[in-house]
Amino acid sequence: MGLFDSWSDLFAAATPWQEVEAEAPKEEEEEKEDVKESKDDGEDGEVEEEEAEEEEEEEEEMVDPKEKFEEECKESKGCAPAKHHFEECVERVQGGENKKGPSEDCVEEFFHLAHCANQCAAPKLWASLK
Amino acid sequence: MLARSCLRSTRAVGAARNGVVNATKRAASSSSSSTANASSPFGLNLAGSAATAVAVGSMTWYYHLYGPELHAMTPAEEGLHPTKYPWEHIKWNKTYDHQALRRGFQVYQEVCASCHSLSRIPYRTLVGVTHTVDEAKVMAEENEYDSDPNDEGEIEKRPGKLSDYLPAPYKNDEAARAANNGALPPDLSLIVKARHGGCDYIFSLLTGYPEEPPAGAAVPDGLNFNPYFPGTGIAMARVLYNELVEYEDGTPASTSQMAKDVVEFLNWSAEPEMDQRKKMGMKVLVISTALFALSVWVKRYKWSPIKTRKLTYTSPTGGRRPGRH
């Protein structure tokens, strides 16, 4: 066990990620509180800024980044064929041109468009999320 | 297609035969010294190309008949396959983002827990992962659990302890079905492992509700359209909306942010050992590499006298042969 522990200690020292403590010692908590307090002190300025940001966001009614990026992607050149097909299908179904045939839905076209938009938006979305 | 290729091939064969006949006639009529070999390449070429055409044609026909994959289900029944997202914690040398886990637990408690249980997670497992001991104790004490029978055999209620499991929203599955229009909200403890696509699927499902179903799609009563759910009709309505939850760390609570956090938390609840497992994997790699190198060295060391020895044979000098002696 000793060998293993020493290995793991060595390893923990060498690895960039941190060890997560199960129990926070009291002293540290106090320190944390202090830190929190000091943070609070320091945050006053930040809080105002944040509030200002929040107000702006509230005014704009926070847009979900996923929806934003997907809208952009749907308009992009890469998804133009899928969008075209989808819109054509919607027109066809809503126009009721093929009333004789079996009823049609645009689920498949919607899938293709959504797949294209998601594929394009995924990396941008992850870059914007925390 | 078969008929066409067959026709073409018979025509080609006919042409080839004509060519061959003509060629032989020509060879016979022209009484030159050139043999049949000299004039036959044309005929051979024709025959060869005809055979190739037949072969290619039959292969095309076969592939046309049996090549394409058959699908028993329509795309709508299959559901839209989720997009692969670049999750940080899935990379092989990364851990969970524990701040995200904490936010995800908050989302679970404030949003999901009203319908979904998380029956395999006791409060003690949250300690050191998302919360400190004291926070976890406070959360556990907010719930009541059955205590041991007292002197009169009555079972009283007691406040929760760290060893208690997260309370379920319904008493049993039947109660859950009755409250949800017949649909059972699944337990979320292992949901990431239990669904194809795992994290990607659940994230897509939570954020993928379109504003309105596409034209012509039939959505039965009591169901909602979600492209990612197989069959597209899901009993769960969209639950995550912007700013539904107020994060204590001030992260803007957009729909996708909440979905991302709660999915990471659910992945933790399905694989709480992941951080430890990756660390152990790293140790295994390092130690076994060292041991392997050592074993290679030992082998070379032990074999070096055998590998470097030189065998020589000096034939006995003199005219006499051995054996005659």
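Labels below follow one simple rule: chain letters A, B, ... track the order of the sequence lines, proteins then strands, and each chain is numbered from 1.
Contact annotation for A:Glu108: only side-chain heavy atoms (C-beta onward) come within less than 4.5 Å of a heavy atom of chain B. With a 4.5 Å cut-off on non-hydrogen atoms, A:Glu109 does not touch chain B at all. At a 4.5 Å heavy-atom cutoff, the contact between A:Phe110 and chain B is made by side-chain atoms alone. Heavy atoms closer than 4.5 Å to chain A are found nowhere in B:Ala100, neither backbone nor side chain. Heavy-atom distances place no part of B:Tyr241 under 4.5 Å from chain A, backbone and side chain included. Looking at B:Pro210, the atoms closer than 4.5 Å to chain A (heavy atoms on both sides) all sit in the side chain, from C-beta outward.
Between the OG1 atom of B:Thr232 and the CG atom of A:Asp105 there is a distance of 8.5 Å, given to the nearest 0.5 Å.
Within the 3.5 Å criterion, the main-chain N or O of B:Ser256 finds a donor-acceptor partner in the side chain of A:Asp64.
Crowding of B:Asp249 atom CG: a count of heavy atoms from other residues, nucleotides or ligands under 6.0 Å exceeding 12. Within 6.0 Å of NZ on B:Lys137 lie no more than 12 heavy atoms contributed by other residues, nucleotides or ligands. Atom CD of B:Glu273 is surrounded by more than 12 heavy atoms from other residues, nucleotides or ligands within 6.0 Å. Around CZ of B:Arg238, the count of heavy atoms belonging to other residues, nucleotides or ligands within 6.0 Å exceeds 12.
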Q | A:Leu129/B:Ser254 under side-chain contact (heavy atoms from CB on, under 4.5 Å): CA gap, chis, key distance, verdict | A | CA-CA 9 Å; A:Leu129 290 181; B:Ser254 59; 4.2 Å; yes
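At least one side-chain heavy atom of B:Phe203 sits under 4.5 Å from a side-chain heavy atom of A:Lys66.
Contact count against chain A (heavy-atom pairs under 4.5 Å) is highest for B:Gly79 among B:Ala259, B:Ser204, B:Gly79. For chain B, the option among A:Pro123, A:Ser128, A:Ala122 with the highest count of heavy-atom pairs below 4.5 Å is A:Ala122. Across B:Leu80, B:Thr74, B:Asp261, the residue that shares the most heavy-atom pairs under 4.5 angstrom with chain A is B:Leu80.
Between B:Tyr85 and A:Trp126, the angle of the ring planes stays under 30°, which puts this pair in the parallel group of the 30/60° scheme.
Residues A:Asn118 and B:Thr83 share a closest heavy-atom pair of CB-OG1, 2.9 Å. Of all non-hydrogen atoms in A:Phe111 and B:Pro75, the two that sit nearest each other are CE2-O, 3.2 Å. Across all their heavy atoms, A:Lys130 and B:Gln257 have their closest contact at N-OE1, 2.9 Å. Closest heavy-atom contact between B:Phe225 and A:Val107: CE1-CG2, 4.4 Å.
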